[in-house]
Amino acid sequence: MAKRTETPGRLDDAARAGWLYYVAGRTQDEIASAMSISRQSAQRLVSLAVAEKLIKVRLDHPIAACLELANQLRKKFDLKHVEIVPSDPGSSSRTVGIAEAAAAEIERWLKRPDPIVLAVGTGRTLKAAVDQLPTIECPNHRIVSLTGNITPDGSAAYYNVIFSMADAVKARHFPMPLPVLVTSAEERELLHGQQLVRSTLAISAQADVTFVGIGELGIDGPLCVDGFLEKDEMMELMREGAVGEICGWIFDAQGRLLDNPINERVASASIPSRETSTVIGIAKGTRKFKAIRAAIVGRQINSLITDEQTADFLLTS
């Protein structure tokens, strides 16, 4: 769950103020009076309750414009599931809105009574979604990571979400005990041949639903920023026509995986079959426009959670 950065006493106050504001419907003046604090302090406590994710706000009303965009995208690209959230022109966040929507969709799947296999990729948006999850008891389900959890320097990959999910979701979890990228195709074959890895790969192939982030390429893209690729490697990939990646798998503008030595080093499991798994991409923003479109047209994903701005681009491109 979200990391707590405040003292327990202050979080107690924030939780009380948040409850009074969002549940009891009190004004900030009424909260100040009830808690014997100033109005400014009440305002700060309510804001802290949201910032520390003590309060999770979900919109329980379908917005007609978003529903229509989702319907158009579903028809145009023959997608299984599409969810569109409102765009916030004043926000620079690439996770707000879609992370909450993804968390709600993950929760819906986990609350199914019949056993399922849920596969997860990696990335900032997916981690933000997992941070929104409540505690869920679902011992009959299995959750499996598609990606390795080790960075080039041997440390744990920060945006690998399987361990964050384990804190919130009481189900069997299967991490991928591998680096994100290995040194060669031969090393990948050797590692994938190990019994522990083989069993995890087999589980991932059975996924009923898969949640993945969609990464843009560039020297300021996740693969470079997080240290998995050098800048010259990234520039070479882009010269070859690469536009995006999912779980490290790099694809071109038509969504085709590149025949490139980098893809031969990706230790991630293959993206589960789009014929048998609902593969939901979670992404938004102008920097990701090309990558999102390529993932859709190339059938790397068959479902999408995004925002209005990205939906408009996809419908007109």
Side-chain angles (χ1 to χ4, degrees), residues 65-85 87 94-95 97-98 101-102 105 119-126 129 146-147 204-205 207-218 220-223 229 234-260 262-264 266 268-317:
C66 292
L67 290 176
E68 179 57 28
L69 286 171
N71 187 49
Q72 291 178 41
L73 278 177
R74 194 180 300 110
K75 290 180 178 178
K76 178 176 179 177
F77 295 107
D78 189 28
L79 296 171
K80 285 187 176 183
H81 173 81
V82 179
E83 185 166 355
I84 307 299
V85 304
S87 294
R94 285 185 276 173
T95 67
I98 58 172
E105 186 63 18
V120 291
T122 187
R124 291 154 175 79
T125 304
L126 199 52
L146 296 178
T147 62
S204 70
D208 298 285
V209 63
T210 303
F211 291 87
V212 294
I214 302 172
E216 76 276 19
L217 298 190
D220 55 352
L223 287 178
L229 290 179
M234 177 61 72
M235 297 309 297
E236 178 61 26
L237 285 170
M238 296 178 71
R239 283 192 290 269
E240 292 183 15
V243 301
E245 58 88 14
I246 293 175
C247 296
W249 296 107
I250 297 164
F251 49 85
D252 65 15
Q254 299 306 311
R256 298 171 299 211
L257 293 182
L258 255 62
D259 183 9
N260 181 279
I262 300 297
N263 269 345
E264 294 178 0
V266 176
S268 302
S270 298
I271 300 170
S273 169
R274 274 68 80 197
E275 299 300 320
T276 58
S277 180
T278 299
V279 181
I280 304 175
I282 311 162
K284 70 171 184 176
T286 56
R287 292 175 57 178
K288 297 193 175 191
F289 277 179
K290 291 182 180 179
I292 296 169
R293 187 182 188 282
I296 293 172
V297 299
R299 303 301 290 180
Q300 297 295 332
I301 60 174
N302 57 23
S303 301
L304 179 68
I305 296 176
T306 191
D307 70 343
E308 292 171 304
Q309 182 189 31
T310 307
D312 285 334
F313 166 79
L314 294 170
L315 289 170
T316 57
S317 61

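Proximity of T286 to Q309: side-chain heavy atoms (C-beta onward) are separated by under 4.5 Å at one or more points. Two residues are said to be in side-chain contact when any heavy atoms from C-beta on lie closer than 4.5 Å; L79 and S303 fail this criterion. Using a 4.5 Å heavy-atom cutoff, the side chains of W249 and Q300 are not in contact. Here the side chains of I250 and N260 are not in contact, with every heavy-atom distance at 4.5 Å or above. When side chains are defined from C-beta on, M234 counts as touching L223, because their heavy atoms get closer than 4.5 Å. The closest side-chain heavy-atom distance from L237 to L229 is below 4.5 Å. Side-chain atoms of V212 and L126, non-hydrogen and from C-beta on, never get closer than 4.5 Å to each other. Proximity of R287 to D220: side-chain heavy atoms (C-beta onward) are separated by under 4.5 Å at one or more points.
Residue G248 comes nearest to V266 through the heavy atom pair O-CG2, 3.4 Å, listed as atom of the first residue, atom of the second, then distance. Contact record, A101 with V85: CB-CG1, 3.7 Å, taken as the closest heavy-atom pair. The two atoms that bring D78 and R299 nearest to each other are O-NH1, 3.2 Å, heavy atoms only. In terms of heavy atoms, F251 sits closest to A291 at CE1-O, 3.6 Å. Taking each heavy atom of K284 and K288 in turn, the nearest pair found is O-CD, 3.8 Å.
The only option from V209, I301, T210 that meets the side-chain contact (heavy atoms from CB on, under 4.5 Å) definition with I280 turns out to be V209.
Considering CG of L258 and CD of E245, their distance stands at 12.5 Å, rounded to 0.5 Å. The line from CD1 of I282 to CD of E83 is 10.0 Å long, rounded to the nearest 0.5 Å. Taking CG of L304 as the reference point, atom CZ of R74 lies at 11.0 Å (rounded to 0.5 Å). Here CG of N71 is found 14.0 Å from NZ of K76. Values are rounded to the nearest 0.5 Å. Between T310 atom OG1 and I214 atom CD1 the span is 10.0 Å, to the nearest 0.5 Å. With rounding to the nearest 0.5 Å, the separation of CG in L314 from CD1 in I84 is 8.0 Å.
Checked by atom type and distance alone, the side chain of T147 never pairs as donor or acceptor with a backbone atom of S268 at under 3.5 Å. The closest donor-acceptor contact from the side chain of E308 to the backbone of S87 lies under 3.5 Å. Using a distance-only test at 3.5 Å, with no hydrogens or angles considered, a donor-acceptor pair links the side chain of N302 to the main chain of S277. With hydrogens and angles ignored, the 3.5 Å screen pairs no side-chain donor or acceptor of D252 with any backbone N or O of G241.
Residues in residues 278-314 take part in these ring pair (Phe, Tyr, Trp, His ring centres under 6.0 Å) pairs, two or more places apart or across chains: F289-F313. Within the structure, the salt bridge (charged side-chain N to carboxylate O under 4.0 Å, His left out) test picks out no pair touching residues 270-282 (sequence neighbours left out).
Heavy-atom contacts from other residues, nucleotides or ligands closer than 6.0 Å to NZ of K80 number more than 12.
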